[in-house]
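For the single chain, residues carry numbers from 1 onward in sequence order.
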Amino acid sequence: MDENELRKHVLGNKKTDRIIFAATPEMKSAIEKVAEEKCVSVSALLTSLALDELIANKELFEESGD
């Protein structure tokens, strides 16, 4: 699966699930600051960071037989 296909696959559907994780107040503040600087929501920033990691590991999503 190439990068564009992976992006479409993981971002192309309706968002119905949430991921919740614990963060220190300092981590939360730092993430909010970066998001503000980039003019994006915290959710969009975290999604972008997660997608970067998925793309870096795209071989995990290769279909068998390709």
Side-chain angles (χ1 to χ4, degrees):
M1 183 177 300
D2 72 12
E3 183 177 327
N4 286 331
E5 290 172 340
L6 182 56
R7 284 179 184 275
K8 289 176 187 177
H9 179 72
V10 298
L11 296 174
N13 297 318
K14 183 177 178 187
K15 282 97 179 144
T16 59
D17 292 329
R18 295 184 181 272
I19 297 175
I20 300 171
F21 64 95
T24 64
E26 295 82 7
M27 172 73 92
K28 181 181 177 203
S29 177
I31 291 171
E32 289 171 338
K33 188 172 192 171
V34 171
E36 182 179 337
E37 184 67 25
K38 293 182 174 248
C39 297
V40 298
S41 68
V42 169
S43 178
L45 177 63
L46 294 175
T47 298
S48 174
L49 293 170
L51 188 57
D52 290 346
E53 191 64 26
L54 293 176
I55 291 168
N57 292 280
K58 66 184 176 189
E59 69 278 357
L60 297 173
F61 306 98
E62 294 296 325
E63 295 179 24
S64 60
D66 283 348

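More than 12 heavy atoms of other residues, nucleotides or ligands lie within 6.0 Å of CG in Leu60, so this atom counts as buried by the packing criterion. Around NZ of Lys33, the count of heavy atoms belonging to other residues, nucleotides or ligands within 6.0 Å does not exceed 12.
For the salt bridge (Lys or Arg N to Asp or Glu O under 4.0 Å) test, no residue two or more places apart in sequence or in another chain qualifies with Glu36. Under the rule for a side chain to side chain contact (heavy atoms under 4.5 Å, CB included), Ala56 has no partner lying at least two apart in sequence or in another chain.
Considering CG of Leu49 and CG of Leu54, their distance stands at 11.0 Å, rounded to 0.5 Å.
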Ignoring hydrogens and angles, write down the donor-acceptor pairs under 3.5 Å from the side chains of residues 39-48, residues two or more places apart or on other chains.
residue : atom : partner : partner atom : Å
Ser41   : OG   : Ala44   : N            : 3.0
Thr47   : OG1  : Ser43   : O            : 2.9

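The side-chain hydrogen bond (donor to acceptor under 3.5 Å, both in side chains) pairs that include a residue from residues 3-14 are Glu3-Arg7, where partners are two or more places apart or lie in different chains. Residues in residues 37-60 take part in no salt bridge (Lys or Arg N to Asp or Glu O under 4.0 Å) pair, two or more places apart or across chains.
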